[in-house]
There are 2 protein chains.
Amino acid sequence: MFSKACKYAIRALIYLASRSEEPEKTGLREIAAEIDSPEAFTAKIMQILSKQNLVNSAKGPHGGFFIDTHAPEIKLIDVVKAIDGTQSIYGCGLGLKSCSETEPCPIHHEFSAIRNGLANLLKEQTIQQLARELKAGKSVLKHHLN
Amino acid sequence: MFSKACKYAIRALIYLASRSEEPEKTGLREIAAEIDSPEAFTAKIMQILSKQNLVNSAKGPHGGFFIDTHAPEIKLIDVVKAIDGTQSIYGCGLGLKSCSETEPCPIHHEFSAIRNGLANLLKEQTIQQLARELKAGKSVLKHHLN
DNA sequence: AGTAATAAAGACCTAATTATCCTTTATTAG
DNA sequence: CTAATAAAGGATAATTAGGTCTTTATTACT
């Protein structure tokens, strides 16, 4: 569905959002540890998110990443587009270059409903919503050992 | 959604099924040409499908691939499982090892509906159904130049 | 029997993704 | 102004997905 990079990105953003009322910034090390992702690779992903203004960053001591609490909430689709691109969501299910309503691939119509459902979900759901559920203990970002 | 190999597999099977009342077998070259896929790579995929008994083959002159018309219709999910494995359908959307109803990832519930819809579709739809629509001119397997 | 046609099998190559390492640059505390 | 800290950026390595090539086995037709 999503690339690994995209999964890390979503997890990282949810974690960041889950502690974004804290005025403190969160360092890369902590993020990677909390979402159980490779640190250096996560750094690359954070760079992309930062360039796309999905996240803010500050260098130096007490620096780190943070989400602007005054900015509009981040939609999942923004993250997916930033990391995986639009083709991953809107491309043909069977990989045909020219697949459309008028020249559909064999599964085009059957998959449209699903694809649209997914797209709508990604457009509706925000990182912050998911972060609130995480904080409420309704979900987890990594395996919790008993 | 699916790997390229899986897309080729589905396209190849639909093409084969679309001409399976022909008693003649269909050679690799023709399949690859008709679904616009790399020949050698398609050969590999056909080997897998053949081992999984999703398709039959015959060596030698006038040999080729064919689908047993008396066997039950091939469900899309059989193809996806054979090529991409079950993880591609049932794995966690955020890549968590232990994601379940009791320890869900943040998007678990939201995605369950979509995931289930997809799985049901794959379980219902058959290659042969799609082949009939293809033959009726309602869909295409490759780009048709004007 | 011999030859051509075809799939099967395995080794091999290439490109993209994932991941690591190291250097540079910016920021801050003291 | 220096040392510490942390992100940014570049280079590179490892892994996986995607794809090719060569050889072998099988069959049909002279």
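The sequence lines fix the lettering, A, B, ..., with proteins before strands; numbering per chain opens at 1. Because only heavy atoms are used, hydrogens play no part in the values below, and waters and symmetry mates are left out as well, while side chains stay in.
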5′-ward residue of the pair A:Pro61/A:Cys6 relative to DNA chain C: A:Cys6

Sugar-phosphate only, base, or nothing, as touched by A:Lys7 at under 4.0 Å among non-hydrogen atoms: nothing

Separation of C:dA26 P from A:Leu28 CG (nearest whole Å): 19 Å

Sugar-phosphate only, base, or nothing, as touched by A:Ala58 at under 4.0 Å among non-hydrogen atoms: sugar-phosphate

Any B:His62 side-chain nitrogen or oxygen under 4.0 Å from OP1 or OP2 of D:dC29: yes

A:Ala40 side chain, from C-beta outward: closest of C:dC21, D:dA28, D:dA8: C:dC21

Partner of A:Leu13 under side-chain contact (heavy atoms from CB on, under 4.5 Å), chosen from A:Leu130, A:Val79, A:Ile31: A:Val79

N or O in side chain of B:Ser50 less than 4.0 angstrom from C:dA7 OP1/OP2: no

A:Pro38 side-chain proximity, nearest of D:dA7, C:dA19, C:dA8: C:dA19

Separation of atom CD1 in A:Ile31 from atom P in D:dA6, rounded to whole Å: 12 Å

Strictly under 3.5 Å: I want the nitrogen or oxygen pairs between protein and nucleotides 11-17 of chain C, one per line.
none

B:Lys25 NZ - C:dA5 P separation (whole Å): 17 Å

Quiz item: cation-pi between A:Lys7 and A:Phe2, 6.0 Å / 45°: no

Salt-bridge criterion met for B:Glu30 and B:Arg19 (N-O under 4.0 Å): yes

Within-4.5 Å side-chain heavy-atom neighbours: B:Cys6 and B:Met1: no

OP1 or OP2 of D:dA8 under 4.0 Å from side-chain N/O of A:Ser57: yes

B:Gln47 CD - D:dT22 C1' separation (whole Å): 13 Å

A:Glu24 CD - D:dA7 C1' separation (whole Å): 18 Å

N or O in side chain of A:Tyr8 less than 4.0 angstrom from C:dA19 OP1/OP2: yes

Over 12 foreign heavy atoms within 6.0 Å of NZ, A:Lys75: no

Proximity to the side chain of A:Lys59 - top-ranked nucleotide from D:dG19, C:dA19, D:dA8: D:dA8

Euclidean distance, atom CG of residue A:Asn56 to atom P of C:dA26 [Å, nearest integer]: 18 Å

Pairs flagged by side chain to side chain donor-acceptor pair (under 3.5 Å) wherever residues 126-140 of chain B is involved - sequence neighbours left out: B:Glu21-B:Lys135, B:Glu73-B:Thr126, B:Glu73-B:Arg132, B:Thr126-B:Gln129

Interatomic distance where CD belongs to A:Glu39 and C1' belongs to C:dT20 [whole Å]: 11 Å

Non-hydrogen atoms of B:Ile114 and A:Gly117 that approach each other most closely: CD1-C, 3.3 Å

Minimal non-hydrogen separation, B:Leu16 against B:Phe66, with atom names: CD1-N, 4.2 Å

Atom pair distance, as rounded to whole Å: CZ in B:Arg29 and C1' in C:dT6: 8 Å

